A.B. asks: 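My questions will all concern the structure given below.
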Amino acid sequence: MDMEELVERAQSGDTDAFVELMESQMTNLYKAARAMLSSEDDAADAISDTILTCWEKLGQLREKRFFRTWMTRILINHCKDIYRRRQRVVYLDEVPETAYRDPGYENREWLEP
């Protein structure tokens, strides 16, 4: 069965056709996600988010022959989202510790009677 036929069946609610369609694209999804993201876990997250989005929005795809392009665009957007989230994370082991000094208490123990 060709891709356009699978897309048509999936759009009509055939979950088996959707599963077959996504399985046929899994290698492409994986290669693209790994090229954009350095982490295996991040790539897996992007792929699962892409599959979910494709299922939810499959009815919006107008041209069945452009399914792969449409799916890849969704994957790229999810990869970009994950990459942006990772850039905002600051790992505590990378932040240098600096001692806090309160000038009012610096010699407090010597000043107490």
Side-chain angles (χ1 to χ4, degrees):
M1 187 173 312
D2 73 340
M3 188 167 47
E4 288 183 43
E5 190 177 333
L6 283 173
V7 171
E8 188 171 332
R9 285 183 41 215
Q11 283 180 323
S12 66
D14 184 343
T15 55
D16 291 333
F18 181 76
V19 168
E20 188 177 336
L21 180 63
M22 295 313 293
E23 284 176 349
S24 74
Q25 299 302 311
M26 199 54 69
T27 302
N28 295 330
L29 288 170
Y30 178 77
K31 286 180 181 178
R34 283 295 285 154
M36 292 187 71
L37 300 168
S38 59
S39 163
E40 187 82 27
D41 291 337
D42 288 344
D45 288 344
I47 291 168
S48 60
D49 290 346
T50 299
I51 292 169
L52 180 61
T53 302
C54 286
W55 175 250
E56 293 173 343
K57 303 199 183 280
L58 193 58
Q60 297 175 10
L61 177 64
R62 299 181 202 277
E63 292 288 330
K64 293 165 188 54
R65 63 192 169 117
F66 294 127
F67 174 79
R68 184 178 291 159
T69 304
W70 175 77
M71 175 199 67
T72 303
R73 186 75 243 162
I74 291 170
L75 176 69
I76 289 169
N77 288 334
H78 283 300
C79 287
K80 285 180 178 180
D81 290 344
I82 289 170
Y83 182 77
R84 278 191 289 267
R85 276 189 302 230
R86 292 284 181 230
Q87 294 301 341
R88 284 186 266 156
V89 174
V90 176
Y91 296 98
L92 294 179
D93 60 341
E94 294 176 8
V95 178
E97 274 190 50
T98 55
Y100 174 74
R101 297 179 70 177
D102 186 346
Y105 290 99
E106 213 165 76
N107 293 317
R108 188 75 172 155
E109 65 186 49
W110 301 109
L111 299 174
E112 287 183 5

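Since we're looking at a predicted model, the values are computed, not measured. Residues: numbered from 1 along the sequence shown.
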A.B. asks: Hey, could you give me the OG1/NZ distance between Thr72 and Lys31, rounded to the nearest 0.5 Å?
C.D. replies: 12.5 Å
A.B. asks: What pairs meet the salt bridge (charged side-chain N to carboxylate O under 4.0 Å, His left out) rule with one or both residues in residues 71-83, with sequence neighbours excluded?
C.D. replies: Asp81-Arg84
A.B. asks: Sort and list the pairs that fulfil ring pair (Phe, Tyr, Trp, His ring centres under 6.0 Å) and have at least one residue in residues 25-51, not counting sequence neighbours.
C.D. replies: none
A.B. asks: To the nearest 0.5 Å, what is the distance between CE (Met71) and CG (Leu58)?
C.D. replies: 11.5 Å
A.B. asks: So which heavy atom on Thr50 is nearest to which on Ala46, and how close?
C.D. replies: OG1-O, 2.7 Å
A.B. asks: Looking at residues at least two apart in the chain, or sitting in another chain, which of them share a side chain to side chain contact (heavy atoms under 4.5 Å, CB included) with Ala43?
C.D. replies: Ala33, Arg34
A.B. asks: Distance check, rounded to the nearest 0.5 Å: Arg86 atom CZ versus Ser38 atom OG?
C.D. replies: 9.0 Å
A.B. asks: List the residues meeting side-chain hydrogen bond (donor to acceptor under 3.5 Å, both in side chains) with Asp49, not counting sequence neighbours, and say none if there are none.
C.D. replies: none
A.B. asks: Apply side chain to side chain contact (heavy atoms under 4.5 Å, CB included) to Met3 and list each qualifying residue two or more places apart in sequence or on a separate chain.
C.D. replies: Val7, Leu21, Gln25, Phe67, Arg68
A.B. asks: Atom CE in Met36, atom CD1 in Ile82: separation rounded to 0.5 Å?
C.D. replies: 9.5 Å
A.B. asks: Give me each pair satisfying salt bridge (charged side-chain N to carboxylate O under 4.0 Å, His left out) with a member in residues 5-15, each pair once, sequence neighbours excluded.
C.D. replies: Arg9-Asp14
A.B. asks: Would you check, one step at a time, whether the test side-chain contact (heavy atoms from CB on, under 4.5 Å) holds for Tyr83 with Asp42?
C.D. replies: CA-CA 9 Å; Tyr83 182 77; Asp42 288 344; over 6 Å; no
A.B. asks: Do Phe66 and Leu6 sit in one hydrophobic cluster, given that two such residues count as connected whenever their side-chain heavy atoms are within less than 4.5 Å of each other, even indirectly?
C.D. replies: no
A.B. asks: Distance from Cys54 atom SG to Leu61 atom CG, nearest 0.5 Å?
C.D. replies: 9.0 Å
A.B. asks: Using the side chain to side chain contact (heavy atoms under 4.5 Å, CB included) criterion, which residues pair with Ser48? Sequence neighbours excluded.
C.D. replies: none
A.B. asks: Can you get from Ile76 to Ile47 by hopping between Ile, Leu, Val, Met, Phe, Trp and Tyr side chains that sit under 4.5 Å apart?
C.D. replies: no
A.B. asks: List for me each residue that meets side chain to side chain contact (heavy atoms under 4.5 Å, CB included) alongside Thr53, sequence neighbours excluded, and say none if there are none.
C.D. replies: Lys57, Ile74, His78
A.B. asks: Decide whether Trp70 and Trp55 are clustered together by the hydrophobic rule: side chain heavy atoms of Ile, Leu, Val, Met, Phe, Trp, Tyr closer than 4.5 Å, transitively.
C.D. replies: yes
A.B. asks: Tell me, please, which residues at least two apart from Glu63 pass side-chain hydrogen bond (donor to acceptor under 3.5 Å, both in side chains).
C.D. replies: Arg65
